[in-house]
Amino acid sequence: MPYDPERHGPRRIVGPDFHARVYAVVVTVPAGQVTTYGDVAAHLGSRQVARHVGFALAALDPGQGTVPWHRVVNSRGQISPRRFDDAPSEQRRRLVDEGVAVAVDGQVERFDSIRHVF
DNA sequence: CGGCTGACGACCT
DNA sequence: GAGGTCGCCAGCC
């Protein structure tokens, strides 16, 4: 399939400062609301880099910093499963702590109504 | 310098 | 609905 800017967005959206730009966007999500990897990516210029948003957040030290990484879920409104550790339960705790109802399977309740729009 | 590996999502079969 | 392809960065061997 040839490259199609209409569908794929601009090329080379990701760059050396990509992580920093992701964090700058995520910190604007208010407590009690959530956003998605795809939404953050779209806000940065291309939905194609949704994956890299995940990479950027994965690079964070979960216990350090001020980036509310727990407010980012996947496009279905579900906490994205990690490869190994139990970070999903940590993310669930943090969301519940700020008033976001999350089912045991990680599904954010009323996802559509608390989804933050950039 | 080469290869691997991650928190994704749209689209296709 | 399930499974595969593709986009293509940064960090760590």
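What's counted below: heavy atoms across the whole structure, side chains too, no hydrogens, waters or symmetry copies. Proteins come first, then strands; the chains are lettered A, B, ... in the order of their sequence lines, and each starts at number 1.
In the set B/dG9, C/dC8, B/dG6, C/dC8 carries the atom at the smallest distance from any side-chain atom of A/His52.
Separating the CG atom of A/Leu44 from the P atom of C/dC8 is a distance of 15 Å, rounded to the nearest angstrom. The nearest whole Å value for the distance from the CZ atom in A/Phe18 to the P atom in C/dC9 is 10 Å. A straight line from CZ of A/Arg76 to P of B/dG9 spans 8 Å, rounded to a whole angstrom. Atom-to-atom, CD of A/Gln48 to C1' of C/dC9 comes out at 14 Å; the value is rounded to the nearest Å. Rounded to whole Å, atom P of C/dC9 lies 20 Å from atom CZ of A/Arg47. Between A/Arg83 atom CZ and B/dC8 atom C1' the separation is 13 Å, expressed in whole Å. If you measure from atom CZ of A/Arg51 to atom P of C/dG4, you get 15 Å, rounded to the nearest angstrom. One atom, CZ of A/Phe55, and another, P of B/dC8, lie 7 Å apart when rounded to the nearest Å.
Regarding contacts with the backbone of B/dC8, every side-chain N or O of A/Ser75 stays at 4.0 angstrom or more from both OP1 and OP2.
We find that A/Arg94 and A/Glu98 are not joined by a salt bridge, their nearest charged nitrogen and carboxylate oxygen being 4.0 Å or further apart.
A distance of 4.0 Å separates OG1 of A/Thr35 from CZ of A/Phe118, quoted to the nearest 0.5 Å.
In this structure, A/His19 and A/Leu57 have side chains that are not in contact, with every pair of non-hydrogen atoms separated by 4.5 Å or more.
The aromatic rings of A/Phe18 and A/His52 sit perpendicular, their planes meeting at an angle over 60°, well past the 30° parallel limit.
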